[in-house]
Structure formats: structure tokens, C-alpha cells
Amino acid sequence: VALGAALAVAVYAFAAELLPPGAALAAAGLVAVGYEPVYHGAELRAYELLALLAALLGLVLLRRRVGLALGATVWAGLLTHYFFVYCVAAALAWLWLDPGARAIRRRATVSIGVGGVLAAPWLPAFVVQLHADRFWWIKRFSAHIVLVTPLRLFVPFGFQSIPLALAALALVLTGAAQLARRSAGG
């Protein structure tokens, strides 16, 4: 419950950097009542912490808090879940592709690198888990599951309709395009 509350606050703070206050509040509200974070948070899985650290990574970068805050966020994220590597990749892509990030590019990359190096001792344990076939239960790739999964984040009963998933995806992509037009950070 505490991580869920912290996640909603972090999402509001992050969204408030990019969106009007009402939209930021709506984003935080959706996260606060989102089915997947609450469900998996109750199972004591690390997904809610992963989402919190991803939001904090974006917030730290947008507020240009490179150094200890950025390195610690990367370190904690990489120790929490291996999917955090995708957040780090997105952060590095933004830093190196956005001309507006030039002022913090090198310091932020060093901070990210230090956080990654500090988390690296965990890699042998991950390789052992991977080779021990601990992921056998993960189903084969399915386009239907990929399209429907994002909708399950905010809808407790889930959507099983591909057309509805495509409409929601179009809405998200339209919002992302508008956000990108507003600012490079967006």
C-alpha cells in the first residue's frame, strides 16, 4: 500500500513537469486505482517498486538532478528488476538524442554508469536463474497479449478485444505525440 501511494505521488510529480495540473492529477489517480500495481503489490512482487523507480528516474532526469540521486535511482532500479534496463536505455537515448539535454549529458551518463556498475555484482545470480530455466512458465509471444496488457494496468476486469486495445493504443500514441510536440522532455 505504501509503495502504491508513493507511486501515485511520484507519477503526479513527474506528470506535473510535463502536463497541466489537472492532467497530472488524472494520471496519478489512474495509477492510484490501477488494478495491476495493486494486485501485484499485494503479492509482494517488485513490480510496484519497479514502477516507482521508473517514475523517479524520469523525474530526476527532468529536474536535472544528476549525480547521487540519478546514480542511486539507477542502482536501486537495476537491483529491483531486470526490466529496469529498458528504463535506463530510454534515459540514455533521451540524453544523447535531445539537444536540450546537452548540458547534463556527460554527468548524467557517468551517474547512470556508476549506478550500473554498483548493481553489476547481481548479474551472476541473474545468469544462474536464466540458465536454470526459471522462466519456463512465461508463455510464447502473442501480439494479442502485447496489445491487451497495457489496458490491464488501469482496467480491473481487463479488455480482451483487439479493436478496443488498438483504439486505446491510438489514444496513447496521440497523447504521446502531442506531449512530444510540447517539449523535448515530453
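Only this structure's heavy atoms are used, side chains among them; waters, hydrogens and symmetry mates stay out.
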For Phe14 and Leu62 the tightest heavy-atom approach is CE1-CD1, 3.3 Å
Residues Ala24 and Ala16: closest non-hydrogen pair is CB-N, 3.6 Å
Could you pull out the closest heavy-atom pair between Leu78 and Phe84, with the gap in Å? N-CD2, 3.7 Å
List for me each residue that meets side-chain hydrogen bond (donor to acceptor under 3.5 Å, both in side chains) alongside Arg63, sequence neighbours excluded, and say none if there are none. Glu17
Only counting residues at least two apart or in another chain, list the ones meeting side chain to side chain contact (heavy atoms under 4.5 Å, CB included) with Ala23. Leu19, Pro20
Donor-acceptor contacts under 3.5 Å from residues 106-114 side chains, at least two apart:
unit_1	atom_1	unit_2	atom_2	d
Thr109	OG1	Trp96	NE1	2.9
Thr109	OG1	Arg105	O	2.7
Ser111	OG	Gly67	N	2.9
Ser111	OG	Gly67	O	3.4
Ser111	OG	Arg107	O	3.1

Provide the closest heavy-atom pair for Leu57 versus Ala91 in the form atom of the first, atom of the second, distance. CD2-CB, 4.1 Å
Salt bridge (charged side-chain N to carboxylate O under 4.0 Å, His left out) pairs, two or more places apart, involving residues 77-90: none
For Leu68, does the CG atom sit with more than 12 other heavy atoms under 6.0 Å from it, leaving out its own atoms? no
Can you list every pair that meets salt bridge (charged side-chain N to carboxylate O under 4.0 Å, His left out) and has a residue in residues 72-90, with sequence neighbours left out? none
Taking only residues two or more places apart in sequence, or in another chain, which ones meet Tyr86 in a ring pair (Phe, Tyr, Trp, His ring centres under 6.0 Å)? Phe83
Other hydrophobic cluster members with Leu97, side-chain heavy atoms of Ile/Leu/Val/Met/Phe/Trp/Tyr under 4.5 Å, chained? none
Same apolar cluster (I L V M F W Y, side chains within < 4.5 Å links), Trp94/Leu70: yes
Starting from Val117, walk the hydrophobic network (Ile, Leu, Val, Met, Phe, Trp, Tyr; side-chain heavy atoms closer than 4.5 Å) and list everyone else you reach, by chain and number. none
Consider only side-chain heavy atoms of I, L, V, M, F, W and Y, link residues closer than 4.5 Å, and tell whether Leu59 and Leu25 are in one cluster. no
Which side chain to side chain donor-acceptor pair (under 3.5 Å) pairs, counting each pair once, include a residue from residues 64-74, with sequence neighbours left out? none
To the nearest 0.5 Å, how far apart are CG in Leu56 and CG in Leu61? 11.0 Å
For residues 80-91, pull every pair meeting salt bridge (charged side-chain N to carboxylate O under 4.0 Å, His left out), keeping only residues two or more places apart or in separate chains. none
Excluding sequence neighbours, so at least two apart, what forms side-chain hydrogen bond (donor to acceptor under 3.5 Å, both in side chains) with Trp122? none
Identify all side-chain donor-acceptor contacts of residues 6-13 below 3.5 Å with residues at least two apart in sequence or on another chain.
none

